Amino acid sequence: MRIATWNVNSVKPRLPRLLPWLDQRRPDVVCLQELKLTEFAFDNLIGPDLTERGYEFAAYGQSQWNGVAIVSRVGLDNVERGFSGMPGFPEPEARAISADCGGIRIHSLYVPNGREPDSDHYRYKLDWLAALRDVVAAGPSDVTLCGDMNIAPTDADVFDPAAYVGHTHVTEPERAALAGFGQIGLRDVVRDHWPTARMFSYWDYRAGMFHQDLGMRIDLILASQPVEARVRAAWIDREARKGKAPSDHAPVIIDLDSAPDGDIGPVVPPPSAPRPTRGRPVRLPQAK
DNA sequence: ATGACTGGATAGTCCAGA
């Protein structure tokens, strides 16, 4: 069984990338984030294309922002939009959906960004993660959290830790919130399989960041031990970030138990330590 | 070339993204 997660940065302009990618990689379960569509619009836009490919799907959407979905051809049961005790900002946002797919409780997650450390939105992010942890701890033993966690687990998951000082995604409280899932038995599957590789899943659209491979690994698949034990491959599909009109995030893919029937792609990332930045330190692109 | 922001809502720019 192949499970994938992809922050598509809006479904509508991404259709010319998403549908060919489904046909190429042939995932059994796909978790999508940043739909930027209502459920109704999602169903109308892409429903027939998914049905034609043998997928069931469930979305939790809203107009303009957020939105998550699960697409599955190995069953889609007990769908839950949001989760028990999920905080809002202040109203609930469409950032979490879960379902039973192929015997695993699968969560598609779009964790709040946090915006600025110590802001209201940052506290919302931490509260949201703490509430999610409680739900997962009380839930089924075969569970997988897939999505845009908006946290780089360690300094090895950003191109240059110095560039992120004072920013969200790398602060100790955020990393502690993420480590909370480790404390209830979940593992970072891709990092476990590539302990020293330079791997990113997000690159800013601006300033040629992708072309210089200056990114962050913030899209994660966290799996409980029974699921982790089944993993045969785990990788970031960097090819999907290339070319015309890409998302700014790449998909993350894991294979359980057996070889997939889809194109496996360039699974092996370069087994290198983080590259030293040549010349002047690279600054993050700044908003105007 | 992997190639130098994008998307949504809106009606001129502004917010959000990370």
Side-chain angles (χ1 to χ4, degrees), chain A residues 6-18 20-21 24 32-38 40-42 45 61-68 89 91 93-95 109-122 124-126 128-129 147-155 157-171 173-175 177-178 198-220 236-252 265-266 269-270 275 282-288:
Chain A
W6 195 5
N7 178 329
V8 292
N9 187 18
S10 188
V11 176
K12 191 173 177 182
R14 213 63 61 220
L15 276 186
R17 300 299 304 258
L18 179 55
W21 177 85
Q24 179 191 18
L32 299 172
Q33 299 88 36
E34 281 209 80
L35 307 181
K36 299 187 179 178
L37 287 174
T38 62
F40 179 78
F42 180 86
L45 181 67
Q62 60 188 83
S63 64
Q64 191 169 4
W65 306 119
N66 309 315
V68 287
F89 190 71
E91 298 305 315
E93 298 183 305
R95 294 180 176 275
L109 304 170
Y110 178 46
V111 174
N113 172 289
R115 297 181 188 170
E116 300 291 335
D118 302 320
S119 65
D120 287 351
H121 206 268
Y122 179 87
Y124 165 52
K125 180 180 194 174
L126 297 179
W128 196 95
L129 287 163
D148 179 356
M149 306 300 169
N150 270 323
I151 301 170
T154 75
D155 280 351
D157 299 303
V158 300
F159 74 89
D160 180 5
Y164 290 94
V165 171
H167 292 257
T168 56
H169 296 65
V170 299
T171 68
E174 291 168 279
R175 287 178 170 167
L178 194 57
R198 176 186 172 93
M199 296 180 291
F200 304 131
S201 67
Y202 162 84
W203 300 261
D204 197 300
Y205 282 125
R206 297 169 292 180
M209 296 290 275
F210 177 65
H211 319 293
Q212 301 169 75
D213 197 24
L214 303 176
M216 317 173 78
R217 193 174 67 92
I218 57 176
D219 300 271
L220 308 178
I236 297 172
D237 189 1
R238 209 169 167 283
E239 297 300 308
R241 180 64 177 77
K242 300 177 183 179
K244 184 178 166 60
S247 171
D248 44 2
H249 296 252
V252 183
R275 274 181 225 161
V282 176
R283 287 191 178 174
L284 297 178
Q286 297 297 310
K288 283 191 176 178

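Numbers restart at 1 for each chain; the letters A, B, ... are given by sequence-line order, proteins then strands. Please read these numbers as outputs of a predicted model, since none were measured by experiment.
Of the candidate nucleotides B:dC15, B:dC5, B:dA9, B:dC5 has the atom nearest to the side chain of A:Tyr205. The A:Ala207 side chain lies nearest to B:dC5 when the options are B:dG7, B:dA16, B:dC5. In this structure, of B:dA18, B:dG8, B:dG17, it is B:dG8 that holds the atom nearest to the side chain of A:Pro13. Considering only side-chain atoms of A:Gln64, the nucleotide from B:dA16, B:dA18, B:dG8 that sits closest is B:dG8.
For the pair A:His167 NE2 and B:dG17 P, the interatomic distance rounds to 15 Å; values are reported in whole Å. Here the C1' atom of nucleotide B:dG8 and the CG atom of A:Asn66 are 12 Å apart, to the nearest Å. The separation between A:Lys12 atom NZ and B:dG8 atom P is 7 Å, rounded to whole Å. Protein atom CE of A:Met209 is 18 Å distant from nucleotide atom P of B:dG17, rounded to whole Å. A:Tyr122 places its OH atom 16 Å from the P atom of B:dG17, with the value rounded to the nearest Å. Summarising the geometry, the separation between CG on A:Leu284 and C1' on B:dC5 is reported as 14 Å, rounded to the nearest angstrom. Here B:dG7 presents its C1' atom at 8 Å from CZ of A:Arg14, a figure rounded to the nearest Å. The nearest whole Å value for the distance from the CG atom in A:Asp160 to the C1' atom in B:dA18 is 16 Å.
Residue A:Met216 is classed as a sugar-phosphate contact, given heavy-atom separations below 4.0 Å to backbone atoms only. Residue-level contact check: A:Ile218 touches the backbone only, with heavy atoms under 4.0 Å from sugar-phosphate atoms and none from bases.
Scored by the side chain to side chain donor-acceptor pair (under 3.5 Å) test, A:Tyr124 finds A:Glu93 as partners (sequence neighbours excluded). Residues forming a side-chain contact (heavy atoms from CB on, under 4.5 Å) with A:Pro117 (at least two apart in sequence, or on another chain): A:Tyr122, A:Thr168, A:Thr171. Under the rule for a side chain to side chain donor-acceptor pair (under 3.5 Å), the partners of A:Trp21 that lie at least two apart in sequence or sit in another chain are A:Asp237. When the side chain to side chain donor-acceptor pair (under 3.5 Å) test is applied to A:Asp120, the partners found at least two apart in sequence or on another chain are A:Arg123. The side-chain contact (heavy atoms from CB on, under 4.5 Å) check on A:Pro16 picks up nothing, with sequence neighbours excluded.
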Please list each protein N or O that sits under 3.5 Å from an N or O in nucleotides 1-3 of chain B, with the distance.
{"unit_1": "B:dG3", "atom_1": "OP1", "unit_2": "A:Gly243", "atom_2": "N", "d": "3.1"}
{"unit_1": "B:dG3", "atom_1": "OP1", "unit_2": "A:Gly243", "atom_2": "O", "d": "3.2"}
{"unit_1": "B:dG3", "atom_1": "O4'", "unit_2": "A:His211", "atom_2": "ND1", "d": "3.0"}
{"unit_1": "B:dG3", "atom_1": "O4'", "unit_2": "A:His211", "atom_2": "NE2", "d": "3.0"}

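Across all strands shown, B:dG3 has no partner, as no Watson-Crick or G-U wobble contact with both distances under 3.5 Å is found.
Remark on DNA chain B: of its neighbouring residues A:Asp248 and A:Leu35, the 5'-side contact belongs to A:Leu35, judged by nearest-heavy-atom nucleotide. If A:Ser10 and A:Asp148 are placed on DNA chain B by their nearest nucleotide, the residue sitting closer to the 5' end is A:Ser10.
The side chain of A:His249 places no N or O atom within less than 4.0 Å of a non-bridging phosphate oxygen (OP1 or OP2) of B:dG17. Within the 4.0 Å cut-off from OP1 or OP2 of B:dT6, not a single side-chain nitrogen or oxygen of A:Ser247 is found. The phosphate of B:dG7 has neither OP1 nor OP2 within less than 4.0 Å of any side-chain N or O from A:Asn9. For the OP1/OP2 pair of B:dA18 and a distance below 4.0 Å, the side-chain nitrogens and oxygens of A:Arg206 include no atom meeting the criterion. Distances shorter than 4.0 Å separate some side-chain N or O of A:Tyr110 from OP1 or OP2 on B:dA18.
Applying the 3.5 Å distance criterion, the base of B:dA18 shares no donor-acceptor pair with the side chain of A:Asp204.
By the 4.0 Å N-to-carboxylate-O rule, A:Arg241 lies too far from A:Asp213 to be salt-bridged with it.
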side-chain contact (heavy atoms from CB on, under 4.5 Å) between A:Met149 and A:Glu174, worked out: CA-CA 10 Å; A:Met149 306 300 169; A:Glu174 291 168 279; over 6 Å; no

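In this structure, A:Phe159 has its ring center closer than 6.0 angstrom to the ring center of A:Tyr164.
Going from the P atom of B:dA4 to that of B:dG17 covers 24 Å, rounded to whole Å. B:dA18 and B:dG7: their C1' atoms are spaced 15 Å apart (whole Å).
The minimum heavy-atom distance between A:Arg14 and A:Asn9, with the atom names listed, is NH2-O, 2.9 Å.
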